[in-house]
Amino acid sequence: MYDMKALYEATSVQHAIELLKEHPEAKIIAGGSDVLIQMREGRLAGIELVSIYKIDELRGISMDDDGTLRIRPLTSFSHITRDPLIQKHINVLGEAVDKVGGPQIRNIGTIGGNTCNGVTSADSASTLHAWDAIMEITGENGVRRLPIREFYVGPGRVALAHDELLTSILIRKESYEGYLGHYIKYAMRNAMDIATTGCSVNCKLSADKKVFEDVRIAYGVAGPVPMRTPSAEAAIRGKEVSMENIEAFAKAALQDVNPRTSWRASKEFRLQLVEELAKRALIECVKLSGGTI
């Protein structure tokens, strides 16, 4: 069923980098919920695999001294949803990854795999974009950090060299403090389905809950890569909390997206979703933040 040439078990980040350098055709496997399916379908016949699953330093969630949330790539979706730091500071990320597949997939699938496979439909990707995530990448020459918007470079492609690993996803304190968010996944089914379109919004209201101090919005499947819509954000920042402004915000999102027609949905339908999901997600953010519409 699984046609592979060899499987190498990495015992540390440095060991994984060395194995990848020694085997330039090898592919990383973590939870395996994507790679094993591709192997079973015959798309990776004769592949060499470097397993990083036993590298415990790549697992878990913590907070740095400066308040930055550090999400390590081998953390499973289930652990993210249940983690106290996630629930307290960016609960919407736990809600988003809880929409991935079914319980078995969420128990084995990792947030690192979900982002590094580069697909625009990944449920974590739009939410991480909305939180201005920073991707920490480790390679032979040390550690580098990229804003998540620069990490996705094309359909199914991310800015990782062959001998590099994603070692943390960072959410800075200024990116989450005072913000509350909501994610909506539109799909044909409520479980075990890929998003037709996903929309993640977070907002920060003024102390009196009357003004949008800041709003960030990101989409999956609204273009070739997960994306923010700066036109929508600019249209509502500093504006009064009102239905009129929320509707203008949703319409402005259409200026930045470029969805395609696929067997799941037409471009025209996805454009309707872009506008409607923006509106619904922001209304929910206002309610979560204690505001009224």
Side-chain angles (χ1 to χ4, degrees), residues 16 27-39 44 49-53 55 58-61 69-83 86 90-138 146-160 164-171 181 183-187 191-200 218-228:
K27 189 176 182 68
I28 293 172
I29 183 170
S33 57
D34 285 330
V35 171
L36 291 178
I37 291 172
Q38 294 177 47
M39 291 177 66
L44 296 176
L49 297 175
V50 173
S51 173
I52 61 171
Y53 192 72
I55 306 178
L58 296 181
R59 188 173 280 108
I61 299 169
L69 287 171
R70 181 176 293 272
I71 306 167
R72 295 172 181 85
L74 289 186
T75 310
S76 71
F77 300 126
S78 297
H79 279 96
I80 288 171
T81 301
R82 297 194 301 263
D83 185 84
I86 296 295
I90 51 171
N91 190 50
V92 62
L93 179 61
E95 294 173 349
V97 300
D98 202 43
K99 298 181 185 297
V100 175
Q104 298 94 333
I105 292 174
R106 294 194 292 270
N107 285 340
I108 194 67
T110 65
I111 194 164
N114 200 228
T115 51
C116 290
N117 65 17
V119 299
T120 183
S121 59
D123 289 301
S124 66
S126 55
T127 297
L128 290 173
H129 272 72
W131 290 106
D132 282 332
I134 304 295
M135 312 302 273
E136 186 178 272
I137 298 164
T138 302
L146 277 180
I148 193 168
R149 67 180 181 275
E150 297 177 16
F151 184 70
Y152 286 83
V153 296
R157 296 187 296 117
V158 295
L160 274 178
E164 289 183 319
L165 293 179
L166 176 69
T167 46
S168 281
I169 299 171
L170 308 174
I171 313 291
Y183 173 72
I184 301 176
K185 174 181 180 175
Y186 182 93
M192 300 298 291
D193 204 355
I194 295 171
T196 304
T197 302
C199 176
S200 194
Y219 289 95
V221 208
V225 295
M227 60 194 303
R228 291 273 287 275

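A distance of 9.0 Å separates CZ in R59 from CD1 in I52, rounded to the nearest 0.5 Å. Distance check: N117 CG to S33 OG gives 8.5 Å after rounding to the nearest 0.5 Å. Rounding to the nearest 0.5 angstrom, the gap separating the CG atom in L160 from the CG atom in L166 is 6.5 Å. Taking CD1 of I148 as the reference point, atom CH2 of W131 lies at 13.5 Å (rounded to 0.5 Å). Atom OH in Y183 sits 8.5 Å away from atom OG in S124 (nearest 0.5 Å). A distance of 11.5 Å separates CD1 of I169 from CG of L69, quoted to the nearest 0.5 Å.
Legend: residues meeting side-chain hydrogen bond (donor to acceptor under 3.5 Å, both in side chains) with R70, ordered by chain and number and at least two apart, are D64, E136, S168. With sequence neighbours left out, S121 forms a side-chain hydrogen bond (donor to acceptor under 3.5 Å, both in side chains) with no residue at all. Take Y186 and apply the side-chain contact (heavy atoms from CB on, under 4.5 Å) test, not counting sequence neighbours, and it matches T196, F269, L273, L277. Here I61 pairs with I71, T75, I80, D83, L85, I86 under the side-chain contact (heavy atoms from CB on, under 4.5 Å) rule; sequence neighbours left out. Here T127 pairs with S200 under the side-chain hydrogen bond (donor to acceptor under 3.5 Å, both in side chains) rule; sequence neighbours left out. V225 meets the side-chain contact (heavy atoms from CB on, under 4.5 Å) test with Y152; sequence neighbours excluded. Partners of R228 under the side-chain hydrogen bond (donor to acceptor under 3.5 Å, both in side chains) rule, at least two apart in sequence or in another chain, are D132, E233. By the side-chain contact (heavy atoms from CB on, under 4.5 Å) test, N107 pairs with S78, sequence neighbours left out.
The two residues S126 and A218 have their closest heavy-atom pair at O-CB, 3.1 Å. Across every non-hydrogen atom of A159 and L146, the tightest pair is CB-CD1, 3.7 Å. Across all their heavy atoms, G94 and T81 have their closest contact at O-OG1, 2.9 Å. Shortest non-hydrogen contact noted between T110 and P73 is CB-O, 3.2 Å. For the pair Y53 and A30, the tightest heavy-atom approach, listed with the atom from each and the gap, is CD1-O, 3.4 Å. Among all heavy-atom pairs drawn from L128 and I111, the shortest one is CD1-CD1, 4.2 Å.
Side-chain atoms of T115 and V158, non-hydrogen and from C-beta on, never get closer than 4.5 Å to each other.
Annotation: salt bridge (Lys or Arg N to Asp or Glu O under 4.0 Å) contacts involving residues 101-125, sequence neighbours excluded, comprise D98-R106, D123-K185.
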For Q38 and D34, what are the C-alpha separation, side-chain angles and deciding distance, and is it a side chain to side chain donor-acceptor pair (under 3.5 Å)?
CA-CA 6 Å; Q38 294 177 47; D34 285 330; 5.7 Å; no
